[in-house]
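Letters go in sequence order (proteins before strands), and every chain restarts at 1.
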Number of protein chains: 4
Amino acid sequence: MGAVKSAKGKRMPRAVRERQMMDAAVRTFGQRGYRAASMDEIAELAGVSKPLVYLYLNSKEELFTACIRREAQALIEAVRAGVEPGLPADRQLWTGLAAFFTHTAQHPDGWAVLHRQARTHGEPFAAVVTAMRDELVAFVTTLIGAAAREAHRGPELADRDVAGLAQALVGAAESLAGWANETGAVTAKEAAGTLMNFAWMGLGNLMEGRRWSPSR
Amino acid sequence: MGAVKSAKGKRMPRAVRERQMMDAAVRTFGQRGYRAASMDEIAELAGVSKPLVYLYLNSKEELFTACIRREAQALIEAVRAGVEPGLPADRQLWTGLAAFFTHTAQHPDGWAVLHRQARTHGEPFAAVVTAMRDELVAFVTTLIGAAAREAHRGPELADRDVAGLAQALVGAAESLAGWANETGAVTAKEAAGTLMNFAWMGLGNLMEGRRWSPSR
Amino acid sequence: MGAVKSAKGKRMPRAVRERQMMDAAVRTFGQRGYRAASMDEIAELAGVSKPLVYLYLNSKEELFTACIRREAQALIEAVRAGVEPGLPADRQLWTGLAAFFTHTAQHPDGWAVLHRQARTHGEPFAAVVTAMRDELVAFVTTLIGAAAREAHRGPELADRDVAGLAQALVGAAESLAGWANETGAVTAKEAAGTLMNFAWMGLGNLMEGRRWSPSR
Amino acid sequence: MGAVKSAKGKRMPRAVRERQMMDAAVRTFGQRGYRAASMDEIAELAGVSKPLVYLYLNSKEELFTACIRREAQALIEAVRAGVEPGLPADRQLWTGLAAFFTHTAQHPDGWAVLHRQARTHGEPFAAVVTAMRDELVAFVTTLIGAAAREAHRGPELADRDVAGLAQALVGAAESLAGWANETGAVTAKEAAGTLMNFAWMGLGNLMEGRRWSPSR
DNA sequence: GATGAATGAGTCTTCATTCAT
DNA sequence: AATGAATGAAGACTCATTCAT
């Protein structure tokens, strides 16, 4: 699965080689971490010499950034593609979550790069992930808002509550995705279901004005 | 707070020196990451020479492991100490969460070591954190079980559901702690309240048999 | 002046291409130095691909040698062209010096290659410059000898004195040329005048038997 | 001559090792040039491992700068020490020049570093040499001024003329020193004498109002 | 006549780790 | 109890140079 096929030394168009290198880089960064990954290892895994990696991708830092960017884009794309516009908002949310868990399960190294490595190392990198995360949160916020409007029961939902919910939902999804990847305990659909149970129910409670408070 | 005071070269009992070194190490590992942290920097920050660090802690790997272990223990201790046995289960859970958020906020480097660094690097380290996490999950599971028994309304709660809830709760707490530390957006009590709203309400729903399902 | 105009990839006669390359090389070598100059930069500045540079000029070493040779020839040519045969010897010397300073001022990179870079790096290169320098010294020696014969006043001038004078004159000229190029403090004519004041007056003194000696 | 004596691996106080390293560096930089000299070669010549060189001298750039600074200081010191304050100004100048030529002849690598290498490579380095040169020029200017006052014959000497003379004198000395080093053609005293003949006589002429001019 | 693709060899630099005292 | 001196091994990055087309 994912084994690089090219015979070493074969002349290939730049675009192809570049993709091979990035594949190798994502895998290596995802498994070893940014610092522990060596350009030597990446080059070897990609089936090319080190100078070629530098010729095409300039530096370890730029290579890592390119990986983050590519994986972030792919993940967002996958989530967007997983959402079917015609459905009611809760079903849309569910399919989006399922797509998210499916993608992260199918690209564990990419997810490791995004969720673990990119955030563990300093500022050139974290920003890219933050941007992606914000995009996701905004997307989820829209869906929740729509759902609240569709199923209008009881008092208005404050923007602040919606934002909090979205934030927590994405955070929980990230946490669950990592857990699922590492332990293999749940499938994508199960994970999506679990999250819906928390989020949707929580949303319902808020809309009905029920809250937990320390005083009672 | 954190400024090392000892004059360099002063003879000091081993235990004290060891604590200074580990303090320096936690700070350095937490801020730079395992690979980027250098023994030189740690020794200097601790106000001792490098050979002394090796004399007491043997190797970078062992030093890191010791840090993880110490910080994990401290965190668990803090949570346990935050729980008052006499209270009803939901209040106990709340105070435990508050203690968790308080501790992570007060020891950001320790939390960074546990939550980010230890899991980002290979197998010698991740295991220690996993063990701590399991301990926390077990603890939370107990509380949730007790709460369910106390507030017995409706059908029995399946063990599986309780486990899922506990798992999710801890995951969400971790995610929130990181977020709170990085952005400083919420206080410990606020974070605990937010989580209770999700978890407790979710629990209530489950106990009353309400679930979200894709089919409807 | 200096801006390379050719569209990349256009077929051009070999001689033209070769000149473009050497122009680029002189500029790069002069500004960066032999080691710091990269074939990549030279090729790009010349507007051709690297293999073409190798096809025409074989290696970095040969390219550098070719540059030195070309610039040396050009400098000598300029000096010779500046001397008008009919004039009295001192005027000839003056016009020669002026031509020297003019040329070095107009070709700063070429002069840097000859005066700085070629002598700074080992033996394949220094020899070429030495040869050129010897040619210049010989030329000046001739002029000085002629002048001495023309203005015969007092005792014979020993060959040794003439040689010393010529040597010193060329050395001083080189030093002044570098200084003028770097600081832009004097024009070519001013520099020539300054040198004449030293050299010619020194010559006059020698011819009249006046010397400085430590004993008095 | 100059062979480093220390047995490899022997523990030595830092100051001693540092001097060994700088000696090796001056030699290597002087012969190979800044770029061509490799830290490996320097370390080996100094009889230590590369990391030690970095531990003590930080980087190639700093090492080179340190060399330049040390050699510049040594040269200035030598010239100052060679001048005996009690003598008449012309004798002082002569002894100073002799000291200069003696020192450069005895430290050819140091002189190569200062005169060739430091000026051939960019701005971190050239500045140090320029500063030293300015110091020398100022020193010589003083002497010439004093001499002019001592031997007051004829019209006042303009400051501008004195400055020009000093500048030219130092330039000529530098050029001669290089020539003497490379060819071994003249001794220090001969070189000093030659220069005095030019400079002193030139000075005398200027003081007597005699000048060469193109018009006649 | 001209180039895109590719690399072996080498350079600077850092780091965990150990002696000898 | 504590340290100044020292290094083997490895990692990021560059460059002159060559094929195949």
Nearest-angstrom distance from the residue atom [atom1] of [X] to [atom2] of [N]:
X	N	atom1	atom2	answer
C:L55	F:dA16	CG	C1'	16 Å
B:E44	E:dC15	CD	C1'	15 Å
D:R11	F:dT7	CZ	P	9 Å
A:I42	F:dG11	CD1	P	12 Å
A:Y54	E:dT11	OH	P	17 Å
C:L52	F:dC19	CG	C1'	15 Å
C:L57	E:dA2	CG	P	13 Å
D:D40	F:dG8	CG	P	12 Å

Closest of E:dC15, E:dT7, E:dT14 to the A:S49 side chain is E:dT7

From F:dA16, E:dG1, F:dA6, nucleotide with atom closest to C:Y56 side chain: E:dG1

Under a 3.5 Å limit on both distances, the Watson-Crick or wobble mate of E:dT21 is F:dA2

Under a 3.5 Å cut-off for both contacts, is E:dT11 paired Watson-Crick or G-U wobble with anything, and if yes, with which nucleotide? F:dA12

Comparing nearest nucleotides in DNA chain E, the 5'-proximal residue of the pair B:N58, D:A37 is D:A37

Assign each of C:P51 and C:R35 to its nearest nucleotide of DNA chain E by heavy atoms, then name whichever residue's nucleotide is nearer the 5' end. C:P51

Side-chain donor or acceptor of C:K50 under 3.5 Å from a matching atom on the base of F:dT17? yes

Do the side chain of B:K60 and the base of E:dT17 come within less than 3.5 angstrom through a donor-acceptor pair of N or O atoms? no

First locate atom CZ of D:R14, then atom CZ of D:R19, and finally report the distance between them rounded to the nearest 0.5 Å. 15.5 Å

Name the nucleic acid region contacted by [X], choosing base, sugar-phosphate or nothing; use a 4.0 angstrom heavy-atom cut-off, strictly under.
X	answer
D:A43	nothing
A:R14	sugar-phosphate
A:A36	nothing

Toward the 5' end of DNA chain F, which comes first, B:P13 or C:E61, by nearest nucleotide? B:P13

Earlier contact from the 5' end, DNA chain F, for A:M39 and C:Y34: A:M39

Are OP1 or OP2 of F:dG4 and a side-chain N or O of D:R17 less than 4.0 angstrom apart? no

Between the side chains of A:Q20 and A:R17, is a donor N or O closer than 3.5 angstrom to an acceptor N or O? yes

Identify the two heavy atoms, one from [X] and one from [Y], that lie closest to each other, and give their separation to 0.1 Å.
X	Y	result
B:A43	B:V53	CB-CG2, 3.9 Å
B:C67	B:A25	SG-CB, 3.6 Å
C:Q117	C:F29	CG-O, 3.5 Å

Check the angle between the aromatic planes of D:Y34 and D:F64 and answer parallel, tilted or perpendicular using the 30° and 60° thresholds. parallel

